[in-house]
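This report refers to the structure that appears directly beneath it.
In what follows, every heavy atom counts, from backbone to side chain, and hydrogens, waters and symmetry copies are set aside. Atoms within each ligand, like the ligands themselves, are counted from 1 in listed order.
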Amino acid sequence: MAELSREQMVAALAWQLELGADEAIGELPVDRFEESAAPSSKPAPDGRAAQSAPRTAPQTTSPAAAAPPPRDAASDAVAEAEAAAAAADSLEALRAAMAAYPHCELRHGARSLVFADGQPGARVMIIGEAPGRDEDIQGKPFVGRAGGLLDRMLAAIGLDRAAPAPESAVYITNVLPWRPPQNRDPKPEEIAMLMPFLRRHVALADPDVIVAMGNISCQALLGKRGITRLRGTWAQALGLPCLPMFHPAYLLRTPSAKRESWADLLSLKAHLLETEGTGG
Ligand code: URA
């Protein structure tokens, strides 16, 4: 392969950053202590140390670890999540149950468990996909660029995650509490094992309506993808009215879609006004 110029290398790195690959982390943790304890080279017959083997890419997954878990292991993980979530009788207890839940590998690559922000009991609960880099660092959902846009969108209809009153407050969480490596999409089995926690989270936060931000959230809450078709049409999720909307990260990349999102915000505002005082 032809050598890359400095400019080409910088451009390739910028492209990876743009795609969310901003950290050199793999799918699974690697035990470097174990690696360095293993004998790396045999002594040569003449007593000299052998030349070290040519460097290869570090192996991040063993074949067994890369294979999908056996069926009953996956359903055990879901059953365990169901039991842990059901036993949580407060948001604090739910956060602790999630922190103690051992089956989701994402926890090992993330810095923080990103639980929620805003006011529990707010009429509107926003459910995004998963923490990104900024959220992982700060331990709060939607605090990066997409979060800044989300705050401005909410402010346009008089909502604010810091507002104390339930009518003007919002409560914000994600389908996944841990950042997936390189911001990749969550796997179906990861969503399945974390859904019991999300269901309990919604029950304990007790909103009147849910806003499902983006495809992953619609997949988890409505069992459907295709946000371009779904957005703007009220549905039911977990027994509550649910409005699918474009994810703010998509709006940052596609400003022309802000027009549709403005219509969705107005629909949310109208629903809140129509149902004020009815508990719906
Ligand atoms: N995108 C999400 O879906 N959630 C966050 O918390 C941040 C970015």
Atom 4 (N) of ligand 1 sits nearest the protein heavy atom N174 OD1, 2.8 Å
Once the angle between the rings of H201 and F115 is folded into 0 to 90°, is it parallel (under 30°), tilted (30 to 60°) or perpendicular (over 60°)? parallel
For ligand 1, is there an atom lying under 4.0 Å from some heavy atom of H247? yes
Is it true that a side-chain atom of E135 and a backbone atom of G144 form a donor plus acceptor pair closer than 3.5 Å? yes
Examine ligand 1 and decide if any of its atoms is less than 4.0 Å from a heavy atom belonging to M213. no
With heavy atoms only and a cut-off of under 4.0 Å, state how A130 meets ligand 1: side chain, backbone, both or neither. backbone
Atoms in ligand 1 flagged as close to G128, the criterion being non-hydrogen separation under 4.0 Å: 3 (O)
Does any N or O atom in A146 lie less than 3.5 angstrom from one in ligand 1, N or O only? no
If you measure every N or O of P141 against every N or O of ligand 1, does any of those distances drop under 3.5 Å? no
Knowing that exactly one of L198, L176, D185 qualifies, which makes a side chain to side chain contact (heavy atoms under 4.5 Å, CB included) with I191? L176
Take the angle between the ring planes of H271 and W234 and call it parallel below 30°, perpendicular above 60°, tilted in between. parallel
Heavy-atom contacts under 4.0 Å between E129 and ligand 1: side chain, backbone, both, or neither? both
Are there over 12 heavy-atom neighbours, none belonging to R225, within less than 6.0 Å of that residue's CZ? yes
So, E129 and H247: side-chain donor and acceptor under 3.5 Å apart, yes or no? no
